[in-house]
Amino acid sequence: MDKFRMMFQFLQSNQESFMNGICGIMALASAQMYSAFEFSCPCMPEYNYTYGIGLLIIPPIWFFLLGFVLNNNVSVLAEEWKRPTGKRTKDPAVLRYMFCSITQRSLIAPAVWVSVTLMDGKSFLCAFSINLDIEKFANRSLIAGLSETEKIKLLAKIPCKDLFEHHDVRVAASRYIKCISQACGWMFLLMMTFTAFLVRAIRPCFTQAAFLKTKYWSHYIDIERKMFDETCKEHAKSFAKVCIHQYFENISGEMRSIHHQGSHKDDTEEEDEDKKKSDEDKLLGIRAQDDMNKVLWNWHTCKPALALRKDQTDGEPSDKLNGNLNGAVNGFARGHSHDTEKKEWAVYYSKV
């Protein structure tokens with residue numbers, strides 16, 4: 001169990017490696033699904049094309065959407081796109097970088113499915129068997145006296161072994177269409193590889209500073225969200241501890257003073273007091289439900305600007321500055337804000 005926990009923590013800390021692993025698993029799953037899939041062409045002129053092309057297009061679309069669903073950065077991208085500007089402007093280049101990164105990973109599994117499908121050729125054969133010129137593969141005696149409708153029905157049965165009587169004609173037509181399908185498959189792979197090569201080759205031709213800036217801030221947005229969630233979780237845990245501790249302290253204050261005696265009482269009280277102080281320190285001065293709701297609302301509507309300063313305003317003490325900061329910026333309800341001693345005061349500005 002510890003090994004699984006360590007592996008999960010490693011994947012969480014290495015988001016890019018985790019998503020690359022997910023994309024690789026999806027690619028292998030797409031190839032495995034196709035090999036396990038029982039291909040059953042309807043062998044009817046009305047449905048052959050729809051079934052063959054649908055099998056070539058619909059699963060890749062599903063894999064593409066699944067890649068978006070499994071990528072955690074989609075919610076980060078949507079949140080950054082829809083959030084109010086507030087004190088922090090939104091950079092379209094960062095949003096484009098995040099979207100392109102998500103799209104590139106999501107395209108891996110669909111590309112594998114299309115490649116495997118074209119190389120196999122069954123879907124292509126089912127879709128385009130009715131477009132063959134049967135005179136190239138069959139004797140004139142076979143098609144003599146057949147109308148155009150009967151010819152189309154005969155061609156539609158080529159993908160089905162048990163429905164097409166003439167084995168030699170079926171094998172020749174199947175090989176012809178599968179050769180075309182495999183040629184399309186290799187052209188598709190060549191096109192995808194060439195596109196990937198162009199993307200990697202052209203990228204250094206542009207300004208690297210702009211690319212590094214967009215990459216840095218995209219990572220920052222992802223890390224900021226994770227740390228904010230972790231801080232909220234830690235604050236909620238400490239808030240619950242202090243609340244429960246105060247509840248039991250008020251209910252059983254007299255009983256605890258009777259049962260605890262001597263030095264054991266002093267040691268226990270000291271340990272409880274230390275734990276209580278540590279939990280209260282994690283509350284960061286936010287000790288009321290309205291205050292926390294206001295902080296969360298302000299984080300969504302007006303995130304702090306991205307420019308940190310360590311200097312303080314001349315003539316004003318540190319505790320006063322921290323008190324004003326907690327009350328004005330975080331929006332504490334009156335009567336609940338507590339001035340806490342802080343060694344640094346951060347003011348945020350940015351144009352990013």
Side-chain angles (χ1 to χ4, degrees), residues 12 15 68-69 71-99 102 214 216-247 276-310 312-313 316 318-352:
Q12 278 189 327
Q15 181 72 16
F68 270 80
V69 171
N71 199 317
N72 295 328
N73 290 331
V74 174
S75 58
V76 179
L77 174 63
E79 182 181 344
E80 182 66 15
W81 179 44
K82 295 296 293 183
R83 71 170 176 84
T85 302
K87 295 182 180 179
R88 187 188 302 181
T89 57
K90 292 181 284 188
D91 190 352
V94 176
L95 299 178
R96 287 195 299 269
Y97 176 84
M98 295 175 67
F99 179 77
I102 296 171
T214 55
Y216 174 86
W217 289 116
S218 65
H219 289 325
Y220 173 84
I221 292 171
D222 186 25
I223 294 172
E224 183 188 53
R225 188 195 184 200
K226 291 178 183 177
M227 295 191 67
F228 182 78
D229 292 340
E230 292 175 0
T231 305
C232 289
K233 188 182 297 183
E234 189 69 23
H235 186 278
K237 185 178 180 180
S238 300
F239 192 91
K241 282 184 179 181
V242 174
C243 184
I244 293 172
H245 182 79
Q246 290 179 356
Y247 171 77
K276 184 178 179 181
K277 286 182 179 179
S278 63
D279 290 332
E280 289 182 350
D281 292 339
K282 294 178 181 179
L283 293 178
L284 303 175
I286 306 172
R287 304 176 59 88
Q289 183 179 4
D290 293 339
D291 294 344
M292 194 65 217
N293 291 338
K294 207 69 174 291
V295 169
L296 296 175
W297 175 258
N298 288 344
W299 177 262
H300 171 70
T301 57
C302 187
K303 288 186 177 181
L306 298 176
L308 308 181
R309 287 181 12 183
K310 298 178 67 174
Q312 300 178 1
T313 304
E316 292 190 34
S318 176
D319 55 350
K320 184 177 180 181
L321 290 172
N322 290 327
N324 292 336
L325 185 65
N326 289 339
V329 177
N330 291 337
F332 286 158
R334 293 183 178 180
H336 295 293
S337 60
H338 294 271
D339 294 338
T340 56
E341 295 184 0
K342 295 184 179 180
K343 296 181 180 180
E344 297 180 0
W345 177 54
V347 180
Y348 301 86
Y349 303 92
S350 177
K351 294 183 180 180
V352 180

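From a predicted model like this one, the values you see are computed outputs, not experimental measurements.
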With a 4.0 Å cut-off on N to O distance, would you call K226 and D222 a salt bridge?
yes
Is it true that E224 and R83 make a salt bridge, defined as a side-chain N closer than 4.0 Å to a carboxylate O?
no
Report the relative orientation of the aromatic rings in H219 and Y97; use parallel for angles under 30°, tilted for 30 to 60°, perpendicular for over 60°.
perpendicular
Take the angle between the ring planes of W297 and H300 and call it parallel below 30°, perpendicular above 60°, tilted in between.
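Geometry flag for H300 against W297: tilted rings.
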So which heavy atom on [X] is nearest to which on [Y], and how close?
{"X": "M98", "Y": "N73", "answer": "CE-O, 4.3 Å"}
{"X": "L283", "Y": "H235", "answer": "O-NE2, 3.0 Å"}
{"X": "I286", "Y": "M292", "answer": "CG2-N, 3.7 Å"}
{"X": "L77", "Y": "L95", "answer": "CD1-O, 3.6 Å"}

Hey, are the side chains of [X] and [Y] touching, using non-hydrogen atoms and a 4.5 Å cut-off?
{"X": "K237", "Y": "K233", "answer": "no"}
{"X": "L296", "Y": "C232", "answer": "yes"}
{"X": "V94", "Y": "Y220", "answer": "no"}
{"X": "P304", "Y": "K87", "answer": "no"}

Sequence neighbours excluded, the answer for side-chain hydrogen bond (donor to acceptor under 3.5 Å, both in side chains) partners of E234 is K282
Atom CZ of F239 and atom CD1 of I244: how far apart are they, to the nearest 0.5 Å?
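Result: 11.0 Å between the selected atoms.
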